[in-house]
2 protein chains.
Amino acid sequence: MANIRDVADSAGVSVATVSRTLQQPERVSPKTRNKVMAAVQAVGYKPNLMAVKFRSGKTHNLVVLVPTVANVFFARVISGMQEAAAELGYSILLANTLGNSEIENHYAKMVSTSQADGLIQLRANNPLDASMINDHGLLPMVNACEVIDDGQYPVVSLDNRAAAKAMTEHLISLGHSRIAMIKGPNSSPLTQERLMGYKDALAQANIVFDESLLFPGDFTLQAGYNAGESISRLENRPSAVFCENDETAIGAMQAFKQANLHVPKDISVAGFDDIAFSAFVDPPLTTIAQPAEEFGRTAVTLLVDVLNGKIRKAPKVIMPFELIVRESTGKAFG
Amino acid sequence: MANIRDVADSAGVSVATVSRTLQQPERVSPKTRNKVMAAVQAVGYKPNLMAVKFRSGKTHNLVVLVPTVANVFFARVISGMQEAAAELGYSILLANTLGNSEIENHYAKMVSTSQADGLIQLRANNPLDASMINDHGLLPMVNACEVIDDGQYPVVSLDNRAAAKAMTEHLISLGHSRIAMIKGPNSSPLTQERLMGYKDALAQANIVFDESLLFPGDFTLQAGYNAGESISRLENRPSAVFCENDETAIGAMQAFKQANLHVPKDISVAGFDDIAFSAFVDPPLTTIAQPAEEFGRTAVTLLVDVLNGKIRKAPKVIMPFELIVRESTGKAFG
DNA sequence: GGCAATGATGTAACCGTTTTCATTTAAACA
DNA sequence: TGTTTAAATGAAAACGGTTACATCATTGCC
């Protein structure tokens, strides 16, 4: 691999001149500029960006901790990140952490070992360990989507409570009063917030909260299916089910069909996220749309601001949501 | 950020000794080893891996060009890559290229500019330009999933022709003779191969190939929906549809339902890929399972072999497929 | 023509490691 | 104790760029 010295030799100039020709051409006379450019071509010179990054101390890499790239919602978030990063001259290093703290910690180390400049965490978990937070203050990090809002780091999130309330209100307005909820993992603040929104709407409509209508889940199709089976076997079956994400809702709908329950005639189903599949299942799913790509763009922009020292106090960005009413929710029977 | 010199000063030894303590502890006396380790703790030393990579000339980064991370099949492939890479001490740099040659080329440059050691392309397109293939031979690259099989680079693929033939035979065995096909982009060799497999099975059963039963698509839900609409409006409607991927099949099924066609009673639908959703749609989709994670693992392993000079001639790995019969395909009417 | 100011180019230090080679220290042996 | 051998350590170069500073050449002006 030809290096800058080869170019300098070939052009009969110093390495400094080569560097200047490439970085600030105006500082070099046209004559030498041409000589150098010709030499660059001649020897097939490609600057070693590893050396540049090492010298500059800036890698222009951002590590993104994503619980699972197989989740369609995160896939959209990542797309948005990639776009924003490209515009700002950064590269995204994607880490598929499977929600495992050790793996998260492993990739977070890329920042403390100077392999990346900053970190974006998409899960409500602090991936840093004591060794990364010592003397010199905080490590550049942004927390998005599923967040811990302790004011330490910039945060990009949805008002999950308001969104869940809006969806529950929608179901109540259709005449439902026994509304089941298929939750996400209890460890996720998302789940807590959405549960609170659900309770808010219930309370507002004077419906007493019934703990037995809460079903466990983990955001997967299978978990939704399992919960759906349980629900369909209930003697006093609820007339609606609010699922904490679309995968869960699609899994549950499948279970209902196999139990010969018609959606929405026998039971209404609502999801959360508005993934692409949701418009193409039968019936199309009522859900909450989140601006997934915007989440990604915003997180990257914020992180780069942090890196450039443009941010003093950790900001908190709340993204808008939208209730998308399709055909999986309908009037309550009776 | 403390560097190795700070540690050396703090421990009262030379930088060489510090480096040895960390890399080959057995080459250092226990006494100094302890001194150094204590100093490492004291100053909070984290080796600058950017410097290490620069020095060694090896980045241990692999760039992966993926047409779209939003495709569930690719998401599985990526998971497999990440696993294998972690085991082998490599990091994956994911590039969401949207099938755009320029973006591909941009990320491919990371290899020629020493920011990554090798490249995995998941699309049947050569992302390299002339400047990358000059004198010193080929750039380390592996082509997986959608491949160009020109013998230049290692390849990991499925016998798409055989798989498509197997699926078509399945449909024929159910009594279908008018079998539509919703294709992928014509530019994709995948599409050509699957079309050939489809024709093979037809010919073997003495069914004349009917060009008018071919419908265009691009592997998206929407394209499947559009094709499904066209098919349902046909006067002499086919009794089965073979879709080149599951997204397309799910989109098509949705169109059939809206046209009041029952799957599989009125029309059978088959997919390709066996994504997670396919088992949870109504009816569950008959499809071809591909070992997606294995694709990823194999591609990474192969690339690392190339980087280690363990490979002479570009190997060609064919992964196995499996016909998964669910409920979306049934006996032909009449 | 002589001097100052400006522009063009070169020299060399620097970034943080690893590693070769030289040197010092310790151990082994007679 | 003196000599040989092995083990432990240190000094310094190297990786490939960028850049502060020094130097040299050119131009403008009196």
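Below, chains carry the letters A, B, ... as their sequence lines are ordered, and counting in each starts from 1.
Between B:Thr32 and D:dT9 there is a side-chain polar atom (N or O) within less than 4.0 angstrom of OP1 or OP2. The shortest distance between the side-chain N/O atoms of B:Ser29 and the OP1/OP2 oxygens of D:dT9 is below 4.0 Å. A close approach under 4.0 Å does not occur between any side-chain nitrogen or oxygen of A:Ser56 and OP1 or OP2 of D:dT18.
Judged by distance alone, the side chain of A:Asn143 and the main-chain N or O of A:Gln121 form a donor-acceptor pair under 3.5 Å.
Contact annotation: the side chain of B:Val317 never approaches that of B:Ser157 to less than 4.5 Å [non-hydrogen atoms, C-beta and beyond].
Between A:Asp6 atom CG and D:dG16 atom P there is a gap of 9 Å when expressed in whole angstrom units. Atom CZ in B:Arg33 sits about 14 Å away from atom C1' in D:dT9, given to the nearest Å.
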Handout entry: Annotated protein contacts, base or backbone, on nucleotides 16-28 of chain C with a non-hydrogen cut-off under 4.0 Å, one of B, S, - each
Key = BBBBB--------

Which pairs of donor and acceptor atoms, one on a side chain in residues 89-98 of chain A, lie under 3.5 Å apart (sequence neighbours left out)?
residue	atom	partner	partner atom	Å
A:Asn96	OD1	A:Val69	N	2.8
A:Asn96	ND2	B:Ser79	OG	3.0
A:Thr97	OG1	A:Val66	O	3.3
A:Thr97	OG1	A:Gly99	N	3.3

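Side-chain N/O atoms of B:Ser29 and B:Thr32 include a donor and acceptor closer than 3.5 Å. A donor-acceptor contact closer than 3.5 angstrom is absent between the side chains of B:Gln115 and B:Lys109.
The stretch residues 2-15 of chain A participates, sequence neighbours left out, in these side-chain hydrogen bond (donor to acceptor under 3.5 Å, both in side chains) pairs: A:Ser14-A:Thr17.
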